[in-house]
Amino acid sequence: MATDTVTEVFEEHRSVLMGVAYRMLGRVADAEDVVQEAWLRWSGADRSDVREPRGYLVRITTRLAIDRLRLAQARNEAYVGPWLPEPYVTDFGDTVADTAERAVLADSVSLAVLVVLESLSPLERAVFVLREAFGYPYADIAVTLDRSESAVRQLAGRARRHVEEKRPRYEVDPAERRDLTERFLAAATEGDLDGLMSLLAPDVRLVGDSGGRAQAPLRVLESADKVGRFVEGVSRKGVADATFRFLEVNGGPAILVLSGGKPDSVLQVDVVDGRIQCVYIIRNPEKLLSLGVDPSTSTD
């Protein structure tokens with residue numbers, strides 16, 4: 001296989017490999033490292049008997065991600081405060097034409113689902129990602145994980161039950177989420193507590209991820225009163241030289257808050273029955289490094 005062809009084949013499947021790695025790890029930088037390692041193995045391998053490059057590459061990527069996930073889970077035990085995945089800019093564009101498939105992909109990369117996936121074992125997570133997000137047959141997953149098909153089916157069933165029990169039942173309505181996100185931002189920046197309270201569900205939760213590297217609640221806040229007053233208090237203090245950008249993050253609308261042009265935080269909301277059910281705020285500077293800034297999407 002010529003060098004150009006080797007590169008072209010890999011690049012053809014890069015987005016899928018990145019999708020698998022990120023859903024496995026919840027970290028953009030780690031996922032990129034895994035995909036780069038997969039490239040090194042692909043480019044240096046004897047590919048003469050590789051009939052399905054995509055399956056071969058997904059197999060390499062999944063195994064590398066499992067190894068890295070085992071190390072990451074030990075690291076997370078010492079994490080300061082609530083943990084959220086690193087925000088991942090998603091734009092399926094024309095690459096996913098089917099509405100149902102788009103919804104599945106968006107849900108499988110959502111913050112709420114990725115938080116639940118953190119509680120799975122590495123093997124359970126791999127099976128769930130490959131089966132539920134990408135629709136791989138059990139037989140193919142068995143080959144990828146070097147397990148029997150019956151063992152893979154057991155892992156899949158266990159993972160699915162766990163996710164269904166733990167995952168929040170949030171609506172996925174992009175237009176409604178975008179509208180409530182904009183109204184939330186407007187009320188917050190104006191310090192309008194009554195406006196905020198009108199948007200929040202009575203049992204709303206606020207999850208802040210700072211990793212101990214920035215100011216954010218070290219515990220999950222629960223109830224409209226606590227969340228509303230916290231957001232109103234933060235807005236009163238303000239962010240120096242603040243600007244705001246709307247992005248699609250983890251399959252849904254989000255706000256990137258910049259201070260002096262540099263990422264300060266990412267905010268996203270989940271919605272149920274026309275009210276905000278959960279507010280996610282990611283402020284750990286390490287988790288904001290991968291976010292690009294497009295001046296055309298700013299709002300002051």
Side-chain angles (χ1 to χ4, degrees), residues 13-28 30-31 33-35 37-38 41 50-77 83-86 88 90 92 95-96 98-172 250-252 270:
H13 302 295
R14 178 183 287 275
S15 63
V16 172
L17 304 182
M18 187 65 188
V20 170
Y22 175 76
R23 287 168 175 81
M24 283 288 297
L25 298 166
R27 302 162 184 81
V28 175
D30 284 357
D33 287 346
V34 162
V35 172
E37 179 62 24
R41 297 198 180 192
V50 176
R51 293 190 176 128
E52 297 183 1
R54 174 171 168 144
Y56 179 87
L57 290 167
V58 167
R59 185 158 59 250
I60 293 175
T61 300
T62 301
R63 291 177 177 178
L64 289 170
I66 287 172
D67 291 341
R68 186 168 289 243
L69 182 60
R70 286 173 172 146
L71 296 174
Q73 287 185 332
R75 182 177 63 198
N76 278 356
E77 292 178 0
W83 180 93
L84 288 171
E86 183 178 344
Y88 183 42
T90 50
F92 301 121
T95 61
V96 184
D98 182 75
T99 302
E101 182 182 356
R102 185 184 296 266
V104 169
L105 287 173
D107 182 60
S108 70
V109 81
S110 70
L111 296 179
V113 168
L114 289 176
V115 167
V116 175
L117 294 188
E118 278 293 297
S119 60
L120 298 179
S121 72
L123 283 178
E124 287 172 341
R125 188 163 181 169
V127 172
F128 185 88
V129 167
L130 293 176
R131 179 66 181 174
E132 301 298 324
F134 294 94
Y136 275 85
Y138 289 115
D140 290 355
I141 300 174
V143 171
T144 295
L145 301 181
D146 195 21
R147 296 289 192 279
S148 68
E149 186 172 338
S150 62
V152 166
R153 288 180 180 275
Q154 289 179 350
L155 286 167
R158 192 157 60 237
R160 191 180 303 110
R161 285 192 298 273
H162 181 84
V163 172
E164 290 301 319
E165 289 171 0
K166 300 293 185 180
R167 78 195 300 172
R169 299 298 179 179
Y170 295 144
E171 292 181 3
V172 182
N250 293 80
D270 278 326

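Residues: numbered from 1 along the sequence shown.
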To check you understand the geometry: which heavy-atom pair defines the closest contact between [X] and [Y], and what is its length?
X	Y	value
Met24	Pro122	CE-O, 3.9 Å
Ile66	Ala126	CD1-CB, 3.9 Å
Ala142	Val152	CA-CG2, 3.6 Å
Phe134	Gly19	CZ-C, 3.8 Å
Gly251	Thr90	N-OG1, 2.8 Å
Tyr136	Arg131	O-NH1, 3.1 Å

Original post:
Taking it one step at a time, do Leu64 and Arg41 satisfy side-chain contact (heavy atoms from CB on, under 4.5 Å)?
Top reply: CA-CA 11 Å; Leu64 289 170; Arg41 297 198 180 192; 3.5 Å; yes
Original post:
Do the charged groups of Arg68 and Glu37 touch, with an N to O distance under 4.0 Å?
Top reply: no
Original post:
Are Arg153 and Glu149 within salt-bridge range, i.e. N to O under 4.0 Å?
Top reply: yes
Any sub-3.5 Å donor-acceptor pair from [X]'s side-chain atoms to [Y]'s backbone N or O?
X	Y	value
Ser110	Asp107	yes
Asn250	Leu111	no
Arg70	Ser121	no
Glu86	Gly26	no
Glu165	His162	no
Arg161	Ala159	no
Ser119	Val116	yes

Between [X] and [Y], is any pair of side-chain heavy atoms under 4.5 Å apart?
X	Y	result
Met18	Tyr88	yes
Asp140	Arg59	no
Leu123	Val127	no
Arg158	Leu155	yes
Arg23	Ser108	yes
Val163	Leu120	yes

To the nearest 0.5 angstrom, please state how far the [atom1] atom of [X] sits from the [atom2] atom of [Y].
X	Y	atom1	atom2	result
Leu145	Leu130	CG	CG	6.5 Å
Leu25	Leu117	CG	CG	11.5 Å
His13	Glu52	NE2	CD	10.0 Å

Subject >> Arg160 charged N/C atom sitting above Phe128 aromatic ring, 6.0 Å / 45° >> reply: no
Original post:
Passes side-chain contact (heavy atoms from CB on, under 4.5 Å), Asp30 versus Tyr22? Steps please.
Top reply: CA-CA 8 Å; Asp30 284 357; Tyr22 175 76; over 6 Å; no
Original post:
Under 6.0 Å from the CD atom of Glu164, do we count more than 12 heavy atoms belonging to anything else shown?
Top reply: yes
Original post:
Does the side chain of Thr144 pick up a donor-acceptor pair with the side chain of Arg63 at under 3.5 Å?
Top reply: no
